[in-house]
Amino acid sequence: MPLVALTIALSAFLLFLVQPIIAKQILPWFGGTSAVWTTCMVFFQSVLLGGYAYAHALTSRASPRNQARVHMALLAASLAFLPIVAREALKPGGEEDAALSILWLLAATIGLPYFLLSSTGPLLQRWIAHRFPEKTVYRLFALSNFGSLAGLLAFPFLIEPFAPSVTQAHAWSAVYAVFALACAFTAWQAQRALAARAGVPLAAAAGAAPTADAAPTPGEYALWLALSALGSVLLLAATSHITQNIASVPFLWVLPLTLYLLTFVLAFEGRGGRGWYERRWWLFPTLLLVVAMSWGLSASRGVLDIGVAVPLYCAGLFFACMFCHGELAHAKPAPRYLTHFYLTLSAGGALGGMAVGLLAPRVFAGYFELPLALFALAALASGLSWQAVRSARGGATAEHSGRRLTADHMLLGPALVAALASAYSGWHYLDFVKEGTIVMQRSFYGTLRVRETGSGEQQVRRLLHGVILHGEQFTQAEDRLEPGTYYARSSGIGLAIAAKQAKGPVKLGFVGLGVGTLSAYGRAGDQLRFYELDPQVIGVAQRHFTFLGSTQATLDFEIGDARLSLEREFKRGGPRGYDVLAIDAFSSDSIPVHLITREAIDLYARHVAPDGIIAIHISNRFLDLKPVLANIAQAAGLSARLVSDSPEDDRSASSTDWVLLARDAQVLDDPRIAGRAEPLAPVAGFSLWTDQFNNLLDVLKSRPFDELKSLLGVS
């Protein structure tokens with residue numbers, strides 16, 4: 001039994017750990033966009049579902065001996081995939097369909113090992129269920145989720161800071177080989193035990209009185225599917241709302257996922273395997289939090305600030321998922337139907353993920369999944385409470401029936417109130433989101449909103465992605481075409497462009513469009529190229545802001561990830577010869593790391609003229625990227641200067657930090673730059689960021705949860 005428990009926990013640990021390990025390996029190959037991780041998640045969820053289906057089919061149709069033989073053979077075959085290092089031969093050339101390339105690469109690199117890890121939990125539990133009384137075998141599901149939780153926290157805090165990607169892959173592969181041996185030994189022992197007790201009912205083998213295990217009804221399957229899908233939707237919707245609409249804090253996404261996994265542990269563990277969930281104690285506070293969260297969605301930021309919002313939505317997510325997973329734990333079937341149960345749970349989780357990740361961006365203009373999920377939770381709670389009332393009326397004894405009926409009636413009322421309140425608040429949430437909004441549209445990359453505030457000379461129009469400002473423009477002021485925000489003439493990019501324009505027409509490249517503010521620097525004869533990931537941003541900037549339409553320079557746009565675009569351009573036509581190449585992609589908490597590695601800087605250097613300047617915008621509330629660029633500059637033989645700008649007399653300008661890089665230090669000694677710039681010295685002991693090794697923990701201005709505590713006002 002200790003070996004079985006360890007094998008299940010280890011499989012879950014490796015399952016969660018391999019996801020960031022392999023995704024980080026291939027990130028630079030496909031542009032480092034959020035689409036890479038989303039496509040990876042489609043693969044992971046699909047293979048997880050396949051693993052559960054395999055466990056169900058194997059234990060349902062094969063004899064004990066053949067079950068062990070098949071699984072041991074697959075474990076042996078999976079060792080051929082080791083080590084899990086993505087081969088250069090699988091690297092895309094740029095013309096392939098990126099999503100299909102990612103799916104093929106993952107299948108060829110980790111396909112069979114991931115498939116077998118996915119099947120381990122339900123398979124081993126089914127094999128040894130006869131050794132557990134009643135339904136206590138499901139405690140191993142809690143252990144599995146604890147292993148997943150350990151894997152989740154281990155990678156960003158214990159593994160990534162200390163090992164490059166290749167070392168991570170080799171270490172994981174070595175541990176997987178140990179797992180394969182342990183799992184094979186367990187399979188061999190299990191088939192002997194199953195063969196010895198062929199025909200003996202599970203309950204009798206466990207020492208309990210034999211019972212007739214009724215097959216789950218279609219209604220029970222539907223309930224399992226709904227609860228599992230709702231938990232998945234709540235997790236993803238709440239995480240998006242917290243990280244994009246409330247606080248853009250690094251690693252904050254870890255907190256909701258930790259709470260989600262913890263609810264699985266609590267729901268399926270404790271008190272003899274019956275879990276810690278009791279509807280009469282958990283449902284009422286859950287409904288109160290549903291109402292509070294619904295109200296919070298429609299409240300203005302002045303009423304519901306971050307100090308209230310983050311605790312509210314984290315607590316609400318915990319209780320909501322405890323309701324979903326607790327109800328699942330109470331509805332679990334007899335052990336002989338264990339794989340049916342897990343297969344349905346896996347299907348529900350996949351459906352929930354696809355609903356939020358694939359369907360919602362194509363159906364909704366904004367992040368409306370959370371209010372809909374809250375209403376669905378309250379409606380489901382109402383349905384379960386009503387079902388309980390009906391069941392209590394037919395109880396075995398009048399006294400027992402009366403107690404249950406009273407308790408269930410007490411829950412039914414609040415559930416109905418919560419459903420109505422969430423629907424009402426959801427409607428007002430739509431009005432709140434639309435307030436002051438000129439346009440709101442959503443794509444694979446997120447929701448873009450153009451909002452207008454103020455009046456007269458002070459009327460300003462802003463482009464927002466969640467809580468991140470991507471540019472603004474005064475609409476009626478005489479200086480509305482003057483570059484502002486992060487691109488004022490006194491900023492690092494403003495000084496670099498001025499230095500080059502003093503010598504004649506210039507060729508400028510900009511990574512990141514925003515509202516097109518940088519095009520305000522364009523003069524007749526200048527050539528400007530913008531590299532923009534999201535094609536919707538280009539349309540918004542052209543239709544709702546006037547910078548692009550007013551410039552005298554020649555403009556063109558390259559859609560897609562900037563690094564991939566620059567690599568393809570170099571292969572096809574050589575260097576672009578930019579006088580200034582500006583990289584503006586690091587203002588949020590989730591920065592595209594592949595754009596700030598040694599390999600990326602080398603690529604930028606190839607595309608600028610011999611006396612050209614690479615300008616990198618590193619203004620960031622949470623991350624200090626100065627040591628990253630200082631050490632890369634030293635390794636690449638580039639001179640580095642920091643320009644910090646804090647304008648006080650310009651109403652439209654923001655405080656900024658820009659790092660200017662050049663091959664020749666004399667380029668940065670230009671009088672327009674030298675008086676405002678300071679040398680950026682390398683930092684001893686700081687690691688050199690490459691595609692293989694980079695770690696955000698090294699550049700946090702404070703620990704992630706210290707920053708959150710500060711925002712919440714917690715000492």
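Since we're looking at a predicted model, the values are computed, not measured. One-based numbering along the sequence shown.
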Open item on the list: Would you say H594 and N694 are linked by a side-chain donor-acceptor pair, where the criterion is simply a distance under 3.5 Å?
Closed with: no
Task: Heavy-atom side-chain contact between L266 and T263 under 4.5 Å - done: no
Task: Y114 and F43 aromatic ring geometry - parallel, tilted or perpendicular at 30°/60° bounds - done: tilted
Task: Electrostatic pair E599-R563, nearest N-O below 4.0 angstrom - done: no
Open item on the list: Classify the ring geometry of H325 against F264: parallel below 30°, tilted from 30° to 60°, perpendicular beyond 60°.
Closed with: parallel
Task: Residues forming a side-chain contact (heavy atoms from CB on, under 4.5 Å) with L236, sequence neighbours excluded - done: S232, V356
- [ ] Measure the CG-CG distance between L117 and L75 for me, rounded to the nearest 0.5 Å.
- [x] 9.0 Å
Open item on the list: Whether the W127 and Q67 side chains hold a donor-acceptor pair (N or O, under 3.5 Å, no angle test) is what I'd like checked.
Closed with: yes
Open item on the list: Side chains of E327 and Y277: any donor to acceptor distance under 3.5 Å?
Closed with: yes
Task: Those residues that, when tested against E220, pass salt bridge (charged side-chain N to carboxylate O under 4.0 Å, His left out) (two or more places apart) - done: none
TODO: Inspect the surroundings of CZ in F179 and state if more than 12 heavy atoms from other residues, nucleotides or ligands are less than 6.0 Å away.
DONE: yes
Task: Parallel, tilted or perpendicular: ring planes of F341 versus F268, cut at 30 and 60 degrees - done: tilted
Open item on the list: Counting the benzene-type ring for Trp, do W282 and F319 have ring centres under 6.0 Å apart?
Closed with: yes
Task: From CA spacing to verdict: side chain to side chain contact (heavy atoms under 4.5 Å, CB included), C183, L124 - done: CA-CA 9 Å; C183 193; L124 266 61; 4.1 Å; yes
Task: Qualifying residues under salt bridge (charged side-chain N to carboxylate O under 4.0 Å, His left out), relative to D534, sequence neighbours excluded - done: none
- [ ] Take the angle between the ring planes of W172 and Y176 and call it parallel below 30°, perpendicular above 60°, tilted in between.
- [x] parallel
- [ ] Mind checking the CD1-OG1 spacing from I26 to T109? Nearest 0.5 Å is all I need.
- [x] 8.0 Å
Open item on the list: When you compare the side chains of S63 and N66, does any donor N or O come within less than 3.5 Å of an acceptor on the partner?
Closed with: yes
Open item on the list: If you apply the rule side chain to side chain contact (heavy atoms under 4.5 Å, CB included), what do you find for L17 with I159, and how did you get there?
Closed with: CA-CA 10 Å; L17 196 59; I159 296 175; 3.5 Å; yes
- [ ] Apply side-chain contact (heavy atoms from CB on, under 4.5 Å) to F115 and list each qualifying residue two or more places apart in sequence or on a separate chain.
- [x] V47, Y54, L112
Open item on the list: By the side-chain hydrogen bond (donor to acceptor under 3.5 Å, both in side chains) test, which pairs, at least two apart or in different chains, include something from residues 341-351?
Closed with: Q125-Y342
- [ ] Could you note down all residue pairs passing side-chain hydrogen bond (donor to acceptor under 3.5 Å, both in side chains) where residues 4-14 supplies at least one of them, sequence neighbours left out?
- [x] none
